[in-house]
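Fair warning: this is a prediction, and the values are worked out from it, not measured in the lab. In what follows, every chain begins at residue 1, and chains take the letters A, B, ... in the order their sequences are listed.
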Protein chains: 2
Amino acid sequence: MSEVRQPVPANDRETAANRDDKLELRLWLRLLTCSSLIEQNVRGALRLQFDTTLPRFDLLAQLDRAPDGLTMSELSARMMVSNGNITGLADRLAEEGLVKRTPSQRDRRSSHISLTPAGKKAFDTMTPVHEGWIDRMMAGLSRQEMQQLFQLLGKLKQSVHQNAVEADEGDKV
Amino acid sequence: MSEVRQPVPANDRETAANRDDKLELRLWLRLLTCSSLIEQNVRGALRLQFDTTLPRFDLLAQLDRAPDGLTMSELSARMMVSNGNITGLADRLAEEGLVKRTPSQRDRRSSHISLTPAGKKAFDTMTPVHEGWIDRMMAGLSRQEMQQLFQLLGKLKQSVHQNAVEADEGDKV
DNA sequence: TGATATTATTTTAAGTATAAAATAAATTGG
DNA sequence: CCAATTTATTTTATACTTAAAATAATATCA
């Protein structure tokens with residue numbers, strides 16, 4: 001009847017998971033929903049506007065913040081993915097001429113990955129646009145809400161580190 | 001010197017990304033860090049304790065909450081992954097005898113996926129343990145902090161839906 | 001020293017994920 | 001009714017991701 005369609009809740013992980021579930025579980029599902037939502041948006045936009053992927057952009061971003069380059073292990077830790085994953089990603093980006101490997105002098109096992117000029121240029125083109133996407137997606141939150149969210153997520157992060165299910169080394173925060 | 005090692009900040013996406021970055025970006029990186037952390041923990045625990053994977057568990061969980069089963073499209077929407085992904089996952093789980101496809105009577109294009117008794121049993125074994133992992137990882141937050149976080153993430157979710165970069169249909173919440 | 005352990009990376013195999021094209025069935029509008 | 005469109009799913013090709021094994025180099029310490 002009406003020409004104005006009412007907003008309809010999107011179907012996501014929270015759809016059928018509610019009332020009777022514990023707060024912890026609902027919180028996790030909502031956190032995952034938010035994270036996935038933003039990730040999908042960024043992923044799609046990177047593909048459409050720059051014909052690249054999120055892992056590639058992420059790797060370039062890590063390198064941009066580390067002018068002296070990073071080892072494979074450091075990249076693996078910061079991006080929180082497996083070693084083998086980084087090997088493949090770095091291979092592809094090196095093929096495209098965006099990153100280069102420099103063998104370490106002190107340790108012949110490791111090498112430093114860094115941006116090539118082409119890689120730096122590509123990243124510098126993308127990053128302000130990327131930042132705009134993030135700003136836009138968070139536009140519905142006030143400054144204060146963002147700060148509060150940031151602080152609460154900091155607490156959550158600490159809690160997960162302290163109570164990790166496995167690999168509980170006890171000395172990471 | 002001391003026998004008591006001091007906690008050392010873990011290296012993650014936030015490591016080199018700070019001071020000079022905008023709040024929005026830092027918030028996104030922290031959100032992604034939290035999400036990845038929990039995900040990795042759950043993934044590892046599922047593998048160690050039940051020799052299964054997160055996508056499989058996730059699909060079973062979705063079906064458990066929908067006793068009448070779900071179509072491929074519904075699963076795809078709720079798990080926020082592509083259609084083709086669901087096809088493959090459902091194929092593997094069907095091979096393992098945990099889910100079954102029932103052709104729809106009304107629409108010959110679609111089928112309903114549902115848990116088999118074996119699938120239900122497997123899920124019922126895993127879910128209380130899974131819930132314990134989540135509870136444990138969130139143990140550092142008070143009830144009130146969890147509620148606040150839940151509420152703020154709700155706002156964020158809404159904001160992302162409203163300001164999506166692409167596929168902005170304008171009628172989903 | 002030299003055996004042992006640890007660390008850094010790559011390789012392998014399998015699974016997970018996407019986008020795009022293909023297939024097939026249902027819906028819509030003339 | 002029927003041509004055109006939309007919808008549901010699968011297929012294809014490629015990329016990403018992991019865990020585990022393999023390699024190779026470094027560190028440790030009796």
Asker: Indicate yes or no: does A:Glu24 engage B:Arg136 in a salt bridge with an N to O separation below 4.0 Å.
Answerer: no
Asker: Roughly, in whole Å, what's the span from CD1 in B:Ile86 to P in C:dA17?
Answerer: 8 Å
Asker: I want to check one thing: is the phosphate of D:dC16, taken as OP1 and OP2, less than 4.0 Å away from some side-chain N or O of A:Asn85?
Answerer: no
Asker: Could you check which of D:dA19, C:dT9, C:dT18 has an atom nearest any side-chain atom of B:Arg47?
Answerer: D:dA19
Asker: May I have the distance from B:Leu54 (atom CG) to D:dT18 (atom P), rounded to whole angstrom?
Answerer: 12 Å
Asker: I'd like to know if A:Arg109 reaches the base of D:dT26 with its side chain such that a donor and an acceptor end up less than 3.5 angstrom apart.
Answerer: no
Asker: Measuring from the side chain of A:Asp107 (C-beta onward, heavy atoms only), which nucleotide among D:dT9, C:dA8, D:dA19 has the closest atom?
Answerer: C:dA8
Asker: Over how many whole Å does the gap from A:Met80 atom CE to D:dC16 atom P extend?
Answerer: 18 Å
Asker: Base, sugar-phosphate alone, or nothing: which one does A:Ser76 contact when heavy atoms must sit under 4.0 Å apart?
Answerer: nothing
Asker: Checking contacts here: which listed nucleotide (C:dG15, D:dA8, C:dT9) is nearest the side-chain heavy atoms of A:Asn83?
Answerer: C:dT9
Asker: Closest to the A:Ser73 side chain: C:dT18, C:dA8, D:dT17?
Answerer: C:dA8
Asker: Would A:Phe57 and A:Phe50 count as a ring-ring contact (aromatic ring centres under 6.0 Å, His included) here? Give the steps.
Answerer: CA-CA 10 Å; A:Phe57 177 79; A:Phe50 299 117; 8.2 Å; no
Asker: Start with the C-alpha gap between A:Arg101 and A:Asp91, add the side-chain angles, then the distance that decides, and say whether salt bridge (Lys or Arg N to Asp or Glu O under 4.0 Å) holds.
Answerer: CA-CA 9 Å; A:Arg101 280 178 166 93; A:Asp91 285 350; 3.0 Å; yes
Asker: How many whole angstroms separate atom CZ of B:Phe57 from atom P of C:dT16?
Answerer: 15 Å
Asker: Between atom CG in B:Asp91 and atom C1' in C:dA14, what is the gap in whole Å?
Answerer: 15 Å
Asker: Could you please name the option among D:dT9, C:dT18, D:dC16 that lies closest to any side-chain atom of A:Pro55?
Answerer: D:dC16
Asker: Mind checking if A:Ser82 touches a base, just sugar-phosphate, or nothing, with heavy atoms under 4.0 Å?
Answerer: base
Asker: Output yes when A:Arg78 and B:Glu14 qualify as a salt bridge under the 4.0 Å nitrogen-oxygen rule, no when they do not.
Answerer: no
Asker: If I take atom CE in residue B:Met72 and atom P in nucleotide C:dA25, what distance separates them, rounded to the nearest angstrom?
Answerer: 17 Å
Asker: Base, sugar-phosphate, or nothing for B:Thr53, non-hydrogen atoms under 4.0 angstrom?
Answerer: sugar-phosphate
Asker: Nearest heavy atom decides the nucleotide; on that basis, is A:Val81 or A:Arg108 closer to the 5' end of DNA chain D?
Answerer: A:Val81
Asker: Using the rule given for salt bridge (Lys or Arg N to Asp or Glu O under 4.0 Å), can you reason through A:Arg47 versus A:Asp51, listing the C-alpha separation, both sets of side-chain angles and the distance that settles it, and then say yes or no?
Answerer: CA-CA 4 Å; A:Arg47 178 179 48 80; A:Asp51 192 27; over 6 Å; no
Asker: Looking at D:dT10, C:dT9, D:dT18, which one has an atom nearest to any side-chain atom of B:Thr87?
Answerer: D:dT10
Asker: Taking the side chain of A:Leu89 as heavy atoms from C-beta outward, which of C:dG15, D:dT18, D:dC16 is closest to it?
Answerer: D:dC16
